Structure formats: C-alpha cells, structure tokens
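Everything quoted here is computed from the prediction, not taken from an experiment.
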Amino acid sequence: MDVLDVAVRVAAVFVAFLVLPLLVGQLEHKVMAHMQGRVGPMHAGGFHGWAQLVADGVKFVQKEDTVPDGADRRIFQLAPAVALIPYLVVLVAIPLGPDGAVGQVIDAGIFFVLAVLGVGILGSLMGGWASANKYSLLGALRTAAQLMAYELPLLLAAASVVMAAGTLSLTGILAAFHWWWVPWQLLGAFVFFTAGMAELQRPPFDAPIAPEEIIFGAYTEYSGLRFALFLLAEYAGIVVISALTAVLFLGGWHGPFSDSLGWLWMLLKTAALSFVVIWARVAWPRLRADQIQKFAWTVLVPLALAQLALTGVIKVVIS
C-alpha cells in the first residue's frame with residue numbers, strides 16, 4: 001500500500017465511524033416513536049422530526065461537565081474514550097465489499113475483532129470504579145459479570161464459522177462463503193447476535209444500567225459530552241455487532257451483482273440487523289440479572305456447542 005491508499009482507507013473508516021452510529025441513533029428515535037406512539041421525536045426540525053438527533057447533540061453540549069468530588073478524576077475522564085475507541089479499531093478489519101474494500105486485511109481477523117471488542121468493557125469498569133458511587137460500582141460489576149458470561153457463546157459461535165471456512169481472516173471467510181451455509185449456521189447466528197446484544201447491554205439485557213434499580217449503572221455520575229460518548233459507543237457497538245453478524249453468517253457483501261453492489265448489500269444487511277436490535281428494545285421486557293446469567297450458561301452455551309458439533313459433522317461429510 002502507498003501513502004495515499006493508506007490515507008484513503010483510514011479516512012473512509014473514520015467517516016464510517018462518525019456517520020453510521022449517528023444514523024443508527026436516528027433510526028432508533030424514529031422506530032421507537034412509531035412502535036410506541038411517541039410524538040416527541042417527530043417534531044424537531046419539522047418534517048418527521050429530522051433534527052431530533054441534532055437537538056440531542058446540542059442538549060449534551062449545553063450540559064455542565066461535572067466530576068464528583070471523591071472521584072478519581074483522570075480515570076473518570078478517560079473512561080468514555082476507552083469505551084468508544086475499540087469500535088473504531090474494529091471497523092478497520094470489517095470488509096465492506098470485494099476486491100480489497102476493507103481498511104486492513106488481517107490474517108487472524110476474527111481473533112483481532114473479538115479481542116478488541118472485549119477492551120471496550122474496560123470503559124464501563126473504569127467509569128463505575130472512578131465515580132466514587134456505590135451504585136455506579138455495582139453497575140460496573142454487573143457489566144463485568146455479563147461480559148464474562150456472554151463472551152464464551154460469542155466465541156464458540158464465531159468458531160463454528162471459522163471451522164466451516166477454514167480460515168481466521170474475515171475476508172477469507174467471505175471468500176469461502178456459500179449460500180447453503182446459511183440454513184445450518186442460523187443457530188450460530190442467533191447465538192452470536194444475541195450474545196453481542198448482551199455485551200452491549202442492550203435491552204432486554206440491560207440490567208447493568210437498569211434505571212429503576214441502580215440509576216443507570218456505571219454512567220450515573222456522567223453528564224454532558226462524556227455521557228454522550230458512552231451513548232455513541234453503544235450505537236457504534238450496534239453497528240459493529242450487526243456488521244460482524246452479516247459477515248460471519250449472512251455472506252457480507254455477497255448478493256446479486258456483488259462485484260459492483262457488494263458494498264450496498266453489506267450496508268443493507270447491517271441496517272436490517274441494527275433494526276432488529278432496536279425492535280428488541282421495544283418488544284421485550286428487561287431480564288433480571290440472574291435471568292441474564294442463566295440464559296447465557298444454560299441456553300446460549302449449549303446451543304453454541306451444538307452448532308460447533310453440527311459444523312464438525314458437516315465438514316467431515318463434505319470432506
């Protein structure tokens with residue numbers, strides 16, 4: 001790669017990081033407004049409330065940036081960036097289309113993205129511990145416990161695709177993809193996508209930030225732009241998990257006329273999965289913390305192991 005090529009790829013990844021999470025945030029406002037009959041998000045800016053996200057941004061900018069007296073100031077201020085940056089790094093390795101339409105091809109891409117995603121949880125832990133608030137600390141500990149429970153089924157589901165494709169590279173997985181994979185990998189797709197939602201603490205897996213119990217968990221003491229960064233990290237996480245699910249289980253850029261429209265298929269699949277994440281918030285009640293743990297260990301882990309065994313059997317039969 002020459003310098004210009006690297007600069008173009010970095011700029012493209014950065015633009016996607018800035019634009020796609022905001023589009024998901026706008027989509028959430030509108031989808032929830034329609035599903036729940038909310039009239040508020042339909043007024044800002046006139047037509048269909050197009051400026052609602054802009055209004056939210058202005059609101060966060062105007063709010064005072066407070067730090068509790070007893071807080072560890074440096075850790076408290078650094079936590080939102082630690083929660084957000086891993087999603088920017090992960091976008092570098094996700095293929096958008098064929099013929100090198102990716103920030104950087106990484107041989108062990110699946111290991112890379114899953115390892116970096118695990119770093120983001122440190123932002124919540126840092127914020128909860130540094131806030132000098134027992135409710136924030138409790139929310140941070142719930143977050144850590146939830147991550148530990150759902151990381152295993154996430155990895156096992158991804159391992160099933162790696163076994164089927166015979167490579168750890170995300171671009172290699174897409175190169176080896178066949179449409180007949182989809183039916184017998186659907187179970188793994190469900191496990192991976194559900195575990196990803198739980199790691200993002202999205203409803204119905206949002207017990208760590210349950211406002212009725214612990215006042216928004218690790219983020220209780222945050223305000224202004226720092227709180228907005230945590231929200232942006234959540235929307236960026238939705239984009240990343242949806243994109244990874246599309247790459248691993250739905251063929252990514254594969255589709256009709258993929259040579260010229262592959263990027264469009266990838267974006268459409270990512271958008272559809274992002275819609276499912278938003279729909280789940282509206283449709284399902286929050287699970288208790290103990291129910292979340294039970295669901296991970298007694299449902300998702302056995303399903304992921306079953307998917308792994310099925311993939312092994314099919315690989316043996318094919319070979």
(request) Give me the ring orientation class for H178 and W180: parallel if the planes are under 30° apart, tilted from 30 to 60°, perpendicular past 60°. (result) parallel
(message) Between T167 and S169, do the side chains contain a donor N or O and an acceptor N or O under 3.5 Å apart?
(response) no
(message) Starting from L152 and following side-chain heavy-atom contacts under 4.5 Å between hydrophobic residues (I, L, V, M, F, W, Y), which residues can be reached?
(response) L156, M163, W297, V301, L305, L308
Side chains of residues 259-267: which donor-acceptor pairs under 3.5 Å do they make with residues two or more places apart or in other chains?
from: S260; atom 1: OG; to: F257; atom 2: O; distance (Å): 3.4
from: W263; atom 1: NE1; to: S260; atom 2: O; distance (Å): 3.3
from: W265; atom 1: NE1; to: P256; atom 2: O; distance (Å): 2.7

Under 3.5 Å donor-acceptor pairs involving side-chain atoms of residues 113-125, not counting sequence neighbours:
from: S124; atom 1: OG; to: Y219; atom 2: OH; distance (Å): 2.7

(request) Specify the closest pair of heavy atoms between L53 and G25, including all atoms of both residues, with the distance to one decimal. (result) CD1-C, 4.2 Å
(request) Considering only Ile, Leu, Val, Met, Phe, Trp and Tyr, and joining two whenever side-chain heavy atoms are under 4.5 Å apart, list the other residues clustered with V316. (result) none
(message) If we count only N and O atoms by modelled type, under 3.5 Å, do the side chains of T143 and Q201 hold a donor and an acceptor together?
(response) yes
(request) Kindly write out the residues that satisfy side-chain contact (heavy atoms from CB on, under 4.5 Å) with L27, not counting sequence neighbours, or none if the list is empty. (result) V31, I278
Determine all donor-acceptor pairs shorter than 3.5 Å in which one atom belongs to a side chain in residues 91-102; sequence neighbours excluded.
none

(request) Check the angle between the aromatic planes of F190 and F295 and answer parallel, tilted or perpendicular using the 30° and 60° thresholds. (result) perpendicular
(request) Grab the two heavy atoms, one from A164 and one from W184, that are nearest each other, plus how far apart they are. (result) CB-CH2, 3.8 Å
(request) Report whether I209 and M126 are members of the same hydrophobic cluster (ILVMFWY, side-chain heavy atoms less than 4.5 Å apart, transitive linking). (result) no
(message) Going by the rule side-chain contact (heavy atoms from CB on, under 4.5 Å), which residues pair with P302 if we only count those two or more places apart in sequence or in a different chain?
(response) none
(request) Would you list the pairs meeting salt bridge (Lys or Arg N to Asp or Glu O under 4.0 Å) in which at least one residue belongs to residues 230-248, sequence neighbours left out? (result) R202-E234
(request) Just say parallel, tilted or perpendicular for the rings of F192 and F249, cut-offs at 30° and 60°. (result) tilted
(request) With sequence neighbours left out, write down each residue that passes side-chain contact (heavy atoms from CB on, under 4.5 Å) with D72, or none if nothing qualifies. (result) R74, I75, W129, A130
(message) Can you tell me how the ring of Y150 sits relative to the ring of F205, calling it parallel under 30°, perpendicular over 60° and tilted otherwise?
(response) perpendicular
(message) Looking only at the aromatic ring of each residue, does the gap between the centers of F275 and W279 stay below 6.0 angstrom?
(response) no
(request) Inspect the contact between D290 and K294 and indicate whether a charged nitrogen and a carboxylate oxygen are less than 4.0 angstrom apart. (result) no
(request) List for me each residue that meets ring pair (Phe, Tyr, Trp, His ring centres under 6.0 Å) alongside Y235, sequence neighbours excluded, and say none if there are none. (result) none
(message) Would the distance check show the side chain of Q185 and the main-chain N or O of L248 forming a donor-acceptor pair, the cut-off being under 3.5 Å?
(response) no
(request) Could you name each residue pair satisfying ring pair (Phe, Tyr, Trp, His ring centres under 6.0 Å) that touches residues 84-126, not counting sequence neighbours? (result) none
(message) Any donor-acceptor pair under 3.5 Å linking the side-chain atoms of T270 with those of S242?
(response) no
(message) Here's a test for you: under side-chain hydrogen bond (donor to acceptor under 3.5 Å, both in side chains), which of R281, R286, Q146 qualifies with D206?
(response) R286
(message) List the residues meeting side-chain contact (heavy atoms from CB on, under 4.5 Å) with L141, not counting sequence neighbours, and say none if there are none.
(response) L137
(message) Can you confirm whether the side chains of E64 and S223 place a donor and an acceptor under 3.5 Å from each other?
(response) no
